Q: 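Dropping the structure in here first, questions after.
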Amino acid sequence: MTDVDRHKFPHLQSLLLNALCMRAIRVTAMEETSEHKSAETPGAPGRAGHEPAFSNLVRTTNLALQGGGAHGAFTWGVLDRFLDEKDLAFEGLSATSAGAMNAAVFAYGLAIGGREGARKALTDYWKRVSDAAKLGPLQPSFIDQMLGDHKLAWSPAFSLMGFVTRVLSPYEFNPSDYNPLREVVEQSIDFDVLGRPDCPVKLFLSATNVRTGKIKVFAGKEISISAVMASACLPTMFHAVEIDGEAYWDGGYMGNPALFPLIYNCNSTDIVIVHINPLIRTEVPRAAVDILNRINEISFNSSLMREMRAVSFVTKLVTQKRVDGGLKRVLIHSIADDEFMGALSPTSKYNADWNFLIFLRDQGRKCAGDWLAKHFAKLGVESTVDIDKFYL
């Protein structure tokens, strides 16, 4: 897939052009997806008993997964809960950063072992993340553990890292470009499996082209360990990831997550966005760390907001029958817990303590279960989020 201009949808003229281009996209019937057997994993930590399916009608959806460091364990919980539903099938996944790792592991697990394979692959991946973190310096201090707030506020290593990354580049303090996550991902995924034509889901991973500032979406045989690491490359901590002569940083700057790959390449009209970065905060941040965190949240949500403006515009054209042809009406759904995620310290994004990851996973499962109970029957029928109110 080619690079896409970062200013794809900034003005009304661009939105109209996008709508006209989409005339070529014909609405086709949703592909029937065979049911996968869903079984309970004995002894899985923190999991309640299996919740019953909501309908005998299989509904196929696409997933869009945000990034957010260790907070991505919330998305792990959402995916884990979705796997309980034999009547919920998945066509495409578009993801960024920690979301890209969740998506790639999820797709790999589905490919080798169906639903239980995906569940096990996700659990194994996050356990490896936690185990690898134990060998690193970013550990909750004794005071952090006593406070029980999952922060790294009293961690000397975290404070030192904050200072170092402000005055030195990763090419200076990390000349060998060591990244423990690369080994974790290599142990968790066989990328040859993801490149096969029979991979059960379509995978789209976003990164930011350092030189052009455009988004790059990796798909199909482009999916590799380097593509995953590019999608999650924090420029203040790691060297830019070089792929075919181009340098890439974290995809969150230009697509967190990107929706257009799902719109252009998937038959399902439903997109479920799993949010990690709060869209709304009720209080104005005043502490330096909170101000920087809010700047990052706004920046990492900006590309999604632009795409939502385009989706809203095209949806109105279709609803008002102001265009001819087969424009695709996209149904948007959102799984978010801004109150819960907003209460977490920004330093906790670097906390890979196993108990904290399980805590996040269980909250993601609960949030997904609540959403399914309320909105499952609306998949394929209508959007369950007011785009103008929630995003615009």
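Here the structure is a predicted model, which means the values were calculated and not measured.
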Q: Tell me whether the rings of Phe359 and Phe340 are parallel (<30°), tilted (30 to 60°) or perpendicular (>60°).
A: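 Tilted.
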Q: Answer yes or no: does atom CD of Glu283 have more than 12 heavy-atom neighbours from other residues, nucleotides or ligands under 6.0 Å?
A: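 It does not: Glu283 CD has 12 such atoms or fewer within range.
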Q: Can you check whether Gly92's main-chain N or O pairs, donor with acceptor, with Asn62's side chain at less than 3.5 Å?
A: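 Between the backbone of Gly92 and the side chain of Asn62 there is a qualifying donor-acceptor contact (under 3.5 Å).
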Q: How about NZ on Lys127, more than 12 heavy atoms from neighbouring residues, nucleotides or ligands closer than 6.0 Å, or not?
A: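 Atom NZ in Lys127 is crowded, with more than 12 foreign heavy atoms closer than 6.0 Å.
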Q: First locate atom OG1 of Thr96, then atom CG of Leu65, and finally report the distance between them rounded to the nearest 0.5 Å.
A: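 So the gap between those two atoms works out to 9.0 Å.
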Q: Is there a path of hydrophobic side-chain contacts, each under 4.5 Å between heavy atoms, that joins Phe173 and Tyr178?
A: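 Not linked; separate clusters.
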Q: Does NZ or CZ of Lys216 come closer than 6.0 Å to the centre of the six-membered ring of Phe218, within 45° of the ring's axis?
A: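 The answer is yes, since Lys216 meets both limits relative to Phe218.
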Q: What I want to find out is whether Arg281 reaches Asp338 closely enough, with some N-O distance under 4.0 Å, to be called a salt bridge.
A: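 Looking at Asp338 together with Arg281, the answer is no, because their closest N to O distance does not fall below 4.0 Å.
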Q: How long is the span from the CG atom in Asn265 to the NZ atom in Lys202, to the nearest 0.5 Å?
A: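 Those atoms lie 6.5 Å apart.
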Q: Would you give the length of the straight line joining atom CE of Met305 to atom CD1 of Ile298, rounded to the nearest 0.5 angstrom?
A: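 CD1 of Ile298 is found 9.0 Å from CE of Met305.
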Q: Return the orientation label for the Phe90 and Phe106 ring planes: parallel under 30°, perpendicular over 60°, tilted otherwise.
A: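 Perpendicular: the ring planes of Phe90 and Phe106 meet at over 60°.
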Q: Under 4.0 Å between a Lys/Arg side-chain N and an Asp/Glu carboxylate O for Lys120 and Asp124?
A: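 Looking at Lys120 and Asp124, the cut-off is met.
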Q: Give a yes or no on whether the backbone of His239 and the side-chain of Asp177 come within a donor-acceptor separation of less than 3.5 Å.
A: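 Indeed, once roles are kept as given, a pair shorter than 3.5 Å links the two residues.
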Q: Give a yes or no on this: more than 12 heavy atoms of other residues, nucleotides or ligands lie within 6.0 Å of atom CD of Glu242.
A: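 Counting neighbours around CD of Glu242, more than 12 heavy atoms of other residues, nucleotides or ligands fall under 6.0 Å, so yes.
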Q: If you look at every heavy atom in Thr165 and Thr236, which pair is closest and at what distance?
A: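 Closest approach of Thr165 to Thr236, heavy atoms only: CG2-O, 3.5 Å.
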Q: Step through the shown structure and confirm whether more than 12 heavy atoms of other residues, nucleotides or ligands are within 6.0 Å of CH2 on Trp126.
A: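 More than 12 heavy atoms, drawn from other residues, nucleotides or ligands, come within 6.0 Å of this atom.
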Q: Within the side chain of Glu307, is there an N or O that forms a donor-acceptor pair under 3.5 Å with the backbone of Leu304?
A: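 Between the backbone of Leu304 and the side chain of Glu307 there is no qualifying donor-acceptor contact (under 3.5 Å).
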Q: Using side chain to side chain contact (heavy atoms under 4.5 Å, CB included) as the criterion, point out the one residue from Phe204, Tyr108, Phe191 that pairs with Ile223.
A: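 That would be Phe191.
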Q: Checking Ser348 side chain against Ser345 main chain: does a donor-acceptor pair fall under 3.5 Å?
A: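 Present.
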Q: May I ask you to decide if Glu85's main-chain N or O and Arg115's side chain share a donor-acceptor pair within less than 3.5 Å?
A: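 Indeed, once roles are kept as given, a pair shorter than 3.5 Å links the two residues.
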Q: How about Asn256 and Ser303: does a side-chain donor come under 3.5 Å of a side-chain acceptor?
A: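 Judged by distance alone, the side chains do not pair up.
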Q: Where is the tightest heavy-atom contact between Ala258 and Ser206, given as atom of each residue plus distance?
A: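 Scanning both residues, the minimum pair turns out to be CB-OG, 3.6 Å.
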Q: For the backbone of Ala219 and the side chain of Glu222, can you confirm whether one donor and one acceptor N or O come within less than 3.5 Å of each other?
A: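 It does hold such a pair.
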Q: Please test Leu88 against Leu379 for side chain to side chain contact (heavy atoms under 4.5 Å, CB included), starting from the C-alpha separation and ending with a verdict.
A: CA-CA 10 Å; Leu88 182 62; Leu379 287 171; 3.7 Å; yes
Q: Answer yes or no: does atom CG of Asp244 have more than 12 heavy-atom neighbours from other residues, nucleotides or ligands under 6.0 Å?
A: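 12 or below, so no.
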Q: Under a 4.0 Å N-O cut-off, is there an ion pair linking Asp370 with Lys366?
A: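 Counted as a salt bridge, because a side-chain N and a carboxylate O are separated by less than 4.0 Å.
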Q: How far apart are the C-alpha atoms of Lys134 and Asp353, what are their side-chain angles, what is the distance that settles it, and do they pass the salt bridge (charged side-chain N to carboxylate O under 4.0 Å, His left out) test?
A: CA-CA 8 Å; Lys134 292 178 182 178; Asp353 176 76; over 6 Å; no
Q: Would Arg119 and Asp84 pass as an ion pair if we require N to O under 4.0 Å?
A: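 Yes, this pair counts.
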Q: Under the side chain to side chain contact (heavy atoms under 4.5 Å, CB included) rule, what do Val201 and Leu110 come out as? Steps first, then yes or no, please.
A: CA-CA 8 Å; Val201 292; Leu110 277 180; 3.9 Å; yes
Q: Taking Phe238's backbone N and O only, do any of them form a donor-acceptor pair with Asn179's side chain (distance below 3.5 Å, no angle check)?
A: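 Checking the backbone N and O of Phe238 against the side chain of Asn179, no donor-acceptor pair under 3.5 Å is found.
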Q: Are any of the side-chain nitrogens in Arg182 or Glu186 under 4.0 Å away from the carboxylate oxygens of its partner?
A: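 Judged by the 4.0 Å cut-off on N to carboxylate O distance, Arg182 and Glu186 do form a salt bridge.
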Q: Decide whether Glu297 and Asn301 meet the rule of one side-chain donor and one side-chain acceptor closer than 3.5 Å.
A: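 Looking only at side-chain atoms, Asn301 and Glu297 do not form any donor-acceptor pair under 3.5 Å.
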Q: When you measure from the side chain of Thr208 to the backbone of Val210, do you find a donor-acceptor pair of N or O atoms at a distance under 3.5 Å?
A: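 Absent.
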Q: Gln66 side chain to Asn277 main-chain N or O, any donor-acceptor pair under 3.5 Å?
A: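 Side chain of Gln66 to backbone of Asn277: a pair is present.
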Q: Determine yes or no for a side-chain-to-main-chain donor-acceptor pair under 3.5 angstrom, with Thr319 supplying the side chain and Thr315 the backbone.
A: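 Flag set: sc Thr319 to bb Thr315 pair under 3.5 Å.
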Q: Does Gln320 CD have over 12 foreign heavy atoms under 6.0 Å away?
A: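 Enclosed.
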Q: Give every residue pair that meets the side chain to side chain donor-acceptor pair (under 3.5 Å) criterion with at least one member in residues 375-385, sequence neighbours excluded.
A: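 Passing the test, one end in residues 375-385: His333-Thr384.
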Q: Looking only at non-hydrogen atoms, find the nearest pair between Ser188 and Arg128 and report the distance.
A: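 Closest approach of Ser188 to Arg128: OG-NH1, 3.0 Å.
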